[in-house]
Amino acid sequence: MRGDPGQAASDTLLLVEGNSDRLAVEALAVRLGRDLAAARVRVVSMDGITNLHHRLGELARWPERPRVLGLFDAAEISYVQRALEGGGLGSAATLPELAGLGFFACDPDLEGELIRALGVDRMQQLLAEHGEIVRFRGFQHQPAQRGRATDAQLRRFLGTHAGRKAQFAPLMIDALEESRIPAGMRALIETAVEHPEDAVRLGAAPRPSGPPPR
């Protein structure tokens, strides 16, 4: 596994789709006053949800099997369902059932969830604060963007330049009012750091001592 999570002592792996998701989750933990490292939680980018099945298969072969949680885009629910069932973490047919297994959805994705929580006015202020508002105004006038809702424009704009999502993900988290933190993302952090002994782990075998394979 690239960037092998086994190289760090972690009881819980929190799998996310990409680097911007990882940065957002880590920033949110700080925002909520939760110490992921102290709770032996590591956030791992999968470089795309289609790698979930492969990652779960790799993790199931570790001698010391971790607890696995995740964050994914709502449109990927069917893929996540199949991957979790194939990986032995249980079956789920609905988003609440997936949340019960420790996998939480962003609707429609991380950026859309955070833009909705911030509101389009605050998101545009954030772009202005970080030197991107002029580019965004030009983007809005492109033929493909005319007539689209501002929140849809903002979401698309964040993905038009390499690194922009990663740059703004933690900034968006920090800009959120406490009451506007998305419930699913908050629940993910709380699940990661609380009551790990109650969580389902990969496979049913006992956890022998010794480091996982590199």
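Note that the numbering runs from 1 along the sequence shown for the chain. Only this structure's heavy atoms are used, side chains among them; waters, hydrogens and symmetry mates stay out.
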Show the numbers, then the answer: is there a side-chain hydrogen bond (donor to acceptor under 3.5 Å, both in side chains) between Gln140 and Gln153? CA-CA 7 Å; Gln140 286 181 297; Gln153 293 173 336; 2.8 Å; yes
Just how far is it from atom CD1 of Ile189 to atom CD of Glu194, taken to the nearest 0.5 Å? 11.0 Å
Between Leu110 and Phe157, is there shared hydrophobic-cluster membership here, with clusters defined by ILVMFWY side-chain heavy atoms closer than 4.5 Å? yes
If you define the side chain from C-beta out and look only at heavy atoms, does anything of Leu154 sit under 4.5 Å from Leu127? yes
If you apply the rule side-chain contact (heavy atoms from CB on, under 4.5 Å), what do you find for Cys106 with Glu17, and how did you get there? CA-CA 11 Å; Cys106 290; Glu17 293 200 23; over 6 Å; no
Do side-chain atoms of Arg31 reach the backbone of Leu176 as a donor and acceptor pair under 3.5 angstrom? yes
Does any non-hydrogen side-chain atom of Arg55 lie less than 4.5 Å from one of Val68? no
Results of salt bridge (charged side-chain N to carboxylate O under 4.0 Å, His left out) for Arg135 - residues two or more places apart only: Glu132
Is it the case that one hydrophobic cluster holds both Ile181 and Val30, taking links as side-chain heavy atoms less than 4.5 Å apart, direct or via other members? no
Arg148 meets the salt bridge (charged side-chain N to carboxylate O under 4.0 Å, His left out) criterion, sequence neighbours left out, with none
Between Met185 and Leu32, does the side-chain contact (heavy atoms from CB on, under 4.5 Å) criterion hold? Intermediate values first, please. CA-CA 11 Å; Met185 295 183 68; Leu32 295 175; over 6 Å; no
Residue pairs passing the side-chain hydrogen bond (donor to acceptor under 3.5 Å, both in side chains) test with at least one member in residues 68-88, sequence neighbours excluded, are none
Any heavy-atom pair between the side chains of Thr150 and Met123 that's under 4.5 Å? no
In short, Ala92 meets Leu101 closest at the heavy-atom pair CB-CD1, 4.0 Å
Can you check whether Val193 reaches Asp35 side chain to side chain, under 4.5 Å on heavy atoms? no
Between Phe72 and Leu52, is a side-chain contact (heavy atoms from CB on, under 4.5 Å) present by the stated rule, with each step listed? CA-CA 10 Å; Phe72 64 96; Leu52 177 59; over 6 Å; no
Supply the atom-to-atom distance Arg186 CZ to Glu178 CD, rounded to the nearest 0.5 angstrom. 5.0 Å
Side-chain (Glu97) to main-chain (Ala93) donor-acceptor, under 3.5 angstrom: yes
State whether the side chain of Asp21 and the backbone N or O of Gly18 hold a donor-acceptor pair below 3.5 Å, judged by distance alone. yes
What is the minimum heavy-atom distance between Ala169 and Ser20, and which atoms define it? CB-O, 3.3 Å
Do the non-hydrogen side-chain atoms of Pro66 and Arg42 ever get within less than 4.5 Å of each other? no
Is there a side-chain contact between Glu26 and Val16, using heavy atoms and a 4.5 Å cut-off? no
Got a second to check how far Asn19's CG is from Asp47's CG, nearest 0.5 Å? 8.5 Å
Does atom CD (Glu177) have a neighbourhood of more than 12 heavy atoms from anything else shown, all under 6.0 Å? no
Once you round to the nearest 0.5 Å, how far does CG of Leu89 lie from CG of Leu98? 11.0 Å
Linking I/L/V/M/F/W/Y whenever any side-chain heavy atoms sit under 4.5 Å apart, do Leu23 and Leu13 land together? no
Nearest heavy-atom pair of Ala175 and Leu126: which atoms, and what distance? CB-CD1, 4.2 Å
With sequence neighbours left out, which residue pairs that include part of residues 82-132 fulfil the ring pair (Phe, Tyr, Trp, His ring centres under 6.0 Å) condition? His130-Phe168
Residue list, salt bridge (charged side-chain N to carboxylate O under 4.0 Å, His left out) with Asp109, at least two apart or on another chain: Arg155
Pick out which of Leu56, Asn51, Val43, Ile49 makes a side-chain contact (heavy atoms from CB on, under 4.5 Å) with Leu15. Leu56
Go through the steps for Asp151 and Ile115 under the test side-chain contact (heavy atoms from CB on, under 4.5 Å), then give the verdict. CA-CA 7 Å; Asp151 59 343; Ile115 290 167; 4.1 Å; yes
Main-chain N/O of Ala74 paired to Asp107 side chain as donor or acceptor, under 3.5 Å: no
Which residue pairs satisfy the side-chain hydrogen bond (donor to acceptor under 3.5 Å, both in side chains) criterion with at least one member in residues 112-127, sequence neighbours excluded? Glu113-Arg116, Arg122-Glu129, Gln124-Arg137
Side chain proximity check, Leu28 to Leu188, heavy atoms < 4.5 angstrom: no
If you look at every heavy atom in Leu14 and Ala192, which pair is closest and at what distance? CD1-CB, 4.2 Å
